[in-house]
Novice: 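Sharing a structure with you now.
From a predicted model like this one, the values you see are computed outputs, not experimental measurements.
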Amino acid sequence: MSRRPTSPNGVRVNRRPYVHVDSATVRDTRISYKALGLLTYILDQSENWQVRSEQLSRGEGREGRDAVRKAQHELAAAGYFRLERRRFLNGQCAMGTAVSEHRVQQWADDYEEFERSLTIPVVEQEDGSFLVKYKDGRLGSDGFAPDVDAPPADEEEDAPAPPDETEAPAAEEKTATELKAERAAAARKAAAEKKAAPAKPNTDAPADPEQPAEKPEAAERPAAPPSGKAAAKAAAAEEKAAAEKALTDAAETVARWWWGDAEEHLGVYVGAKGGYVAVRKMIHSALAKGYTQRDCADALRHARKHWPSAQQWQDALGYATKGVMPRAPHGRVPYSDSATWGTGQNVPGEQGSSTPENTSDDATFGIIA
């Protein structure tokens, strides 16, 4: 649908269903036209659409993956875009995207706080909202403003219309005053009756909120400190929880790196669901057995599988840490002197071998009759 321009040399707009973008965002000089176009495209998608650099870089007229990633960092630095590693109340984790129609200063600050990383860890709260979890353990705002369209909690949905007569509010105010006076008189009467009544042990709290309840003498004594055995047990539990958290975070770091590296070099993963979670569990088990993050990373690259099988994973770890060549498909291992005999003094024929060399040329010949 077209309309007449507001001036002879103005712009005529042919309108259709559109995506809403804040005017300040369109005029924001912090972001390039390329980043603005990427932001507009993401805003036009449904909320259950997953943002992936590989998908955004495909298709005719699209730029490469590196250009898309650069635009994403540009939007993150300006406070329009970020990736979120979400931890839910049930203990599950998931990767998601946060995008805003307008600039969010908190997002720009978090981008710098996490050393210019696109991924920001957030934790779900009891009310369904999320808070950012910083490296020092504190929780902060995720930059999402509360729903301004929702009515306040203490506001009634169907509030009656104010009366037309001017005397009605005065009558209501008088009634409220009388009720307040009656409540105060009842409270004073109850306090006087309680004061006149004899004291009883283990009584309920008094009716007057200003009169504190009398506590027995035993309740005022401080609680006994925990025994040495209980304290040691609590300290061990805390230490175990901290170690498990560090192990989980380390596994998550390696898995997230590998998933991006594998999609870049091996293509987008199209296998069975749960591949990422399974790989993270495999890395977690290897780290728990004493392998390092570097060992796991080298093993994954050697396996060259988005989600290697258990045997492939074990073979790759052996090769990455011990140099053990995996078996060939037909059961034969390629021959290698270093793999068979080792290096240095263990190689037959080299100096220091346990088998002495016979350099003598002496020989005895004879004829047997």
Novice: When rounded to the nearest 0.5 angstrom, what distance separates CZ in Arg256 from CG in Leu83?
Specialist: 10.0 Å
Novice: Please find the pair of heavy atoms, one from His20 and one from Leu43, that lie closest to each other, and give the distance.
Specialist: O-CD1, 4.2 Å
Novice: Quick one: closest heavy-atom pair of Ala76 and Leu118, and the distance?
Specialist: CB-CD2, 3.6 Å
Novice: Evaluate Glu101 against Val21 for side-chain contact (heavy atoms from CB on, under 4.5 Å), listing each step before the verdict.
Specialist: CA-CA 6 Å; Glu101 298 174 350; Val21 181; 6.0 Å; no
Novice: Could you check whether Asp28 and Thr25, counting side-chain N and O atoms only, form a donor-acceptor pair closer than 3.5 Å?
Specialist: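 Looking only at side-chain atoms, Asp28 and Thr25 do not form any donor-acceptor pair under 3.5 Å.
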Novice: Could you pull out the closest heavy-atom pair between Cys296 and Ala286, with the gap in Å?
Specialist: SG-CB, 3.8 Å
Novice: Looking only at heavy atoms, what is the nearest atom pair of Leu39 and Ser100, with distance?
Specialist: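 Here Leu39 and Ser100 meet closest at CD1-O, 3.8 Å.
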Novice: Provide the full list of side chain to side chain donor-acceptor pair (under 3.5 Å) pairs with a residue in residues 116-125, sequence neighbours left out, each pair given once.
Specialist: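 For residues 116-125: Glu112-Arg116.
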Novice: Is there side-chain contact between Arg103 and Arg30, with at least one heavy-atom pair below 4.5 Å?
Specialist: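 Yes, their side chains come closer than 4.5 Å.
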Novice: Can you confirm whether Gln105 is buried at CD, in the sense that more than 12 heavy atoms of other residues, nucleotides or ligands lie under 6.0 Å from that atom?
Specialist: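 Yes.
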Novice: Can you tell me how far NZ of Lys233 sits from CD of Glu238, rounded to the nearest 0.5 angstrom?
Specialist: 13.5 Å
Novice: Could you verify whether a donor N or O on one side chain and an acceptor N or O on the other, from His284 and Glu244, lie under 3.5 Å apart?
Specialist: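 Side-chain D/A pair, His284 to Glu244: present.
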Novice: Under a 4.5 Å cut-off applied to non-hydrogen side-chain atoms, are Arg280 and Cys93 in contact?
Specialist: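 Yes. Closest side-chain heavy atoms under 4.5 Å.
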Novice: Is there side-chain contact between Phe144 and Trp107, with heavy atoms separated by less than 4.5 Å?
Specialist: yes
Novice: Do Asp261 and Arg301 sit within salt-bridge range, that is, some charged N less than 4.0 Å from a carboxylate O?
Specialist: yes
Novice: Just verifying a value: how many Å separate Thr321 OG1 and Asp295 CG, rounded to the nearest 0.5 Å?
Specialist: 6.0 Å
Novice: Using a 6.0 Å cut-off, check whether atom CZ of Arg87 has over 12 heavy atoms from anything other than its own residue.
Specialist: no
Novice: Between Thr248 and Glu252, does a side-chain contact (heavy atoms from CB on, under 4.5 Å) hold up when you go through it step by step?
Specialist: CA-CA 6 Å; Thr248 302; Glu252 176 68 24; 5.5 Å; no
Novice: Check whether any side-chain heavy atom of Leu89 sits under 4.5 Å from a side-chain heavy atom of Glu126, and report yes or no.
Specialist: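 Yes, close enough: below the 4.5 Å cut-off.
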Novice: Using side-chain contact (heavy atoms from CB on, under 4.5 Å) as the criterion, list what pairs up with Lys245, not counting sequence neighbours.
Specialist: Lys133, Asp249
Novice: Any side-chain heavy-atom pair from Val51 and Ile42 closer than 4.5 angstrom?
Specialist: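 Val51 reaches Ile42 side chain to side chain.
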Novice: Take atom NZ in Lys322; do more than 12 heavy atoms of anything else shown fall under 6.0 Å from it?
Specialist: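 Open.
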Novice: Looking at Arg69 and Glu74, is any side-chain nitrogen of the basic one under 4.0 Å from a carboxylate oxygen of the acidic one?
Specialist: no
Novice: Tell me whether His306 contacts the main-chain N or O of Gly267 through its side chain, where contact means a donor paired with an acceptor under 3.5 Å.
Specialist: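 Yes, because the side chain of His306 sits within donor-acceptor range (under 3.5 Å) of the backbone of Gly267.
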Novice: Return the NZ to OG distance between Lys70 and Ser32, rounded to the nearest 0.5 Å.
Specialist: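 Taking NZ in Lys70 and OG in Ser32, the distance rounds to 8.0 Å.
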Novice: Just so I know, are the side chains of Glu113 and Lys135 near enough to count as touching, which here means a heavy-atom distance under 4.5 Å?
Specialist: no
Novice: How close do Arg82 and Ile120 get, heavy atom to heavy atom, and via which atoms?
Specialist: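 Heavy atoms of Arg82 and Ile120 come nearest at CD-CG1, 3.8 Å.
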Novice: Rounded to the nearest 0.5 Å, what's the gap from CZ on Phe81 to CD1 on Ile31? Could you check?
Specialist: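 These two atoms lie 13.0 Å from each other.
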Novice: Under a plain distance cut-off of 3.5 Å, with no hydrogens placed, do His102 and Tyr80 share a side-chain donor-acceptor pair?
Specialist: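 No, no side-chain donor-acceptor contact under 3.5 Å.
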Novice: May I ask you to say whether Arg294 pairs ionically with Asp298, meaning some side-chain N is under 4.0 Å from a carboxylate O?
Specialist: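 Looking at Asp298 together with Arg294, the answer is yes, because their closest N to O distance falls below 4.0 Å.
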Novice: At their closest point, which heavy atom of Gln293 faces which heavy atom of Thr253, and how far apart are they?
Specialist: NE2-CB, 4.1 Å
Novice: Indicate, with yes or no, if Val268 and Leu56 share a hydrophobic cluster defined by side-chain heavy-atom contacts under 4.5 Å among Ile, Leu, Val, Met, Phe, Trp and Tyr.
Specialist: no
Novice: Please step through side-chain contact (heavy atoms from CB on, under 4.5 Å) for the pair Leu139 and Val132, ending with a clear verdict.
Specialist: CA-CA 5 Å; Leu139 298 177; Val132 177; over 6 Å; no
Novice: Taking the side chain as everything from C-beta on, heavy atoms only, tell me whether Thr97 gets closer than 4.5 Å to Glu84.
Specialist: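 Thr97 vs Glu84: side chains apart.
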Novice: Can you confirm whether Arg86 sits close enough to Phe88 that some side-chain heavy atom of one is under 4.5 Å from a side-chain heavy atom of the other?
Specialist: yes
Novice: What about Met95 and Val99, same hydrophobic cluster or not, with Ile/Leu/Val/Met/Phe/Trp/Tyr joined at side-chain heavy-atom distances under 4.5 Å?
Specialist: yes
Novice: Mind checking who shares a hydrophobic cluster with Tyr269, ILVMFWY linked at side-chain heavy-atom distances under 4.5 Å?
Specialist: Leu247, Val254, Trp257, Trp258, Trp259, Leu266, Tyr276, Val279, Met282, Ile283, Leu287, Tyr291, Leu300, Trp307, Trp313, Leu317
Novice: The test is side-chain contact (heavy atoms from CB on, under 4.5 Å); show your working for Asp110 and Tyr134 and say whether it passes.
Specialist: CA-CA 9 Å; Asp110 290 342; Tyr134 294 95; 2.7 Å; yes
